[in-house]
Amino acid sequence: MTNTNFLAIADLHGHPDHLDALLARAAVDIPEHGVVTLGDYVDNGPDIPALLDRLIELQVERGDRFRCILGNHDLAC
């Protein structure tokens with residue numbers, strides 16, 4: 001992994017729109033950044049399947065500039 005700034009995002013809880021809004025803002029403020037999502041993707045929220053699909057897309061798009069960590073809500077499911 002190269003020396004990259006990382007954006008840490010937690011507690012998305014089924015909100016892919018929130019993830020995309022954060023990524024759009026980061027693209028302006030930190031053009032070359034990696035992403036670490038800190039879990040709690042499930043358990044409530046309007047569109048859990050779309051959020052999970054988006055996380056998979058990010059892994060494909062960003063490769064080693066993306067890390068996805070499970071949270072307690074994810075492990076409980």
Side-chain angles (χ1 to χ4, degrees):
M1 186 179 309
T2 62
N3 189 8
T4 302
N5 292 316
F6 274 82
L7 173 66
I9 303 171
D11 296 294
L12 288 165
H13 288 291
H15 288 275
D17 54 332
H18 294 180
L19 174 60
D20 287 333
L22 287 167
L23 294 175
R25 178 62 190 252
V28 172
D29 293 343
I30 317 166
E32 294 295 322
H33 68 279
V35 175
V36 177
T37 55
L38 303 174
D40 293 349
Y41 312 111
V42 301
D43 199 23
N44 59 50
D47 203 349
I48 293 166
L51 175 62
L52 297 176
D53 287 343
R54 185 68 180 111
L55 294 172
I56 293 167
E57 290 172 8
L58 284 171
Q59 179 63 57
V60 172
E61 292 170 9
R62 293 176 176 262
D64 69 348
R65 293 186 308 127
F66 178 76
R67 296 287 186 264
C68 189
I69 299 170
L70 291 178
N72 62 318
H73 290 260
D74 310 312
L75 292 171
C77 287

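Along the sequence shown, residues carry numbers from 1.
Here the CG atom belonging to Leu75 is positioned 9.0 Å from the CG atom belonging to Asp40, to the nearest 0.5 angstrom. Atom CG of Leu22 is separated from atom OG1 of Thr37 by 11.5 Å, given to the nearest 0.5 angstrom. Note that CG of Asp20 and NE2 of His15 are 13.0 Å apart. Values are rounded to the nearest 0.5 Å. Taking CG of Leu23 as the reference point, atom CD1 of Ile9 lies at 5.0 Å (rounded to 0.5 Å). For the atom pair Gln59 CD and Arg54 CZ, the distance stands at 12.0 Å (nearest 0.5 Å).
Nearest heavy atom pair, residue Gly14 against residue Leu51, reads N-CD2, 3.4 Å.
Taking hydrophobic clusters as Ile, Leu, Val, Met, Phe, Trp and Tyr residues chained together by side-chain heavy-atom distances below 4.5 Å, Leu58 shares a cluster with Leu7. Phe66 and Phe6 fall into different hydrophobic clusters, where Ile, Leu, Val, Met, Phe, Trp and Tyr are joined by side-chain heavy atoms under 4.5 Å apart, directly or via other members. Criterion: ILVMFWY side-chain heavy atoms under 4.5 Å apart, direct or through other members. Under it, Ile48 and Leu12 are part of a common hydrophobic cluster.
Sequence neighbours left out, not one pair with a member in residues 41-65 passes ring pair (Phe, Tyr, Trp, His ring centres under 6.0 Å). Each side chain to side chain donor-acceptor pair (under 3.5 Å) pair with one or both residues in residues 68-77, not counting sequence neighbours, appears once here: Asp43-His73.
Panel note: side chain Arg62, backbone His33; a donor-acceptor pair is recorded below 3.5 Å.
Heavy-atom neighbours of Glu32 CD from other residues, nucleotides or ligands within 6.0 Å: at or below the threshold of 12.
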Give the C-alpha distance, both sets of side-chain angles, the deciding distance and a yes or no for side chain to side chain contact (heavy atoms under 4.5 Å, CB included) between Leu19 and Leu55. CA-CA 9 Å; Leu19 174 60; Leu55 294 172; 4.0 Å; yes
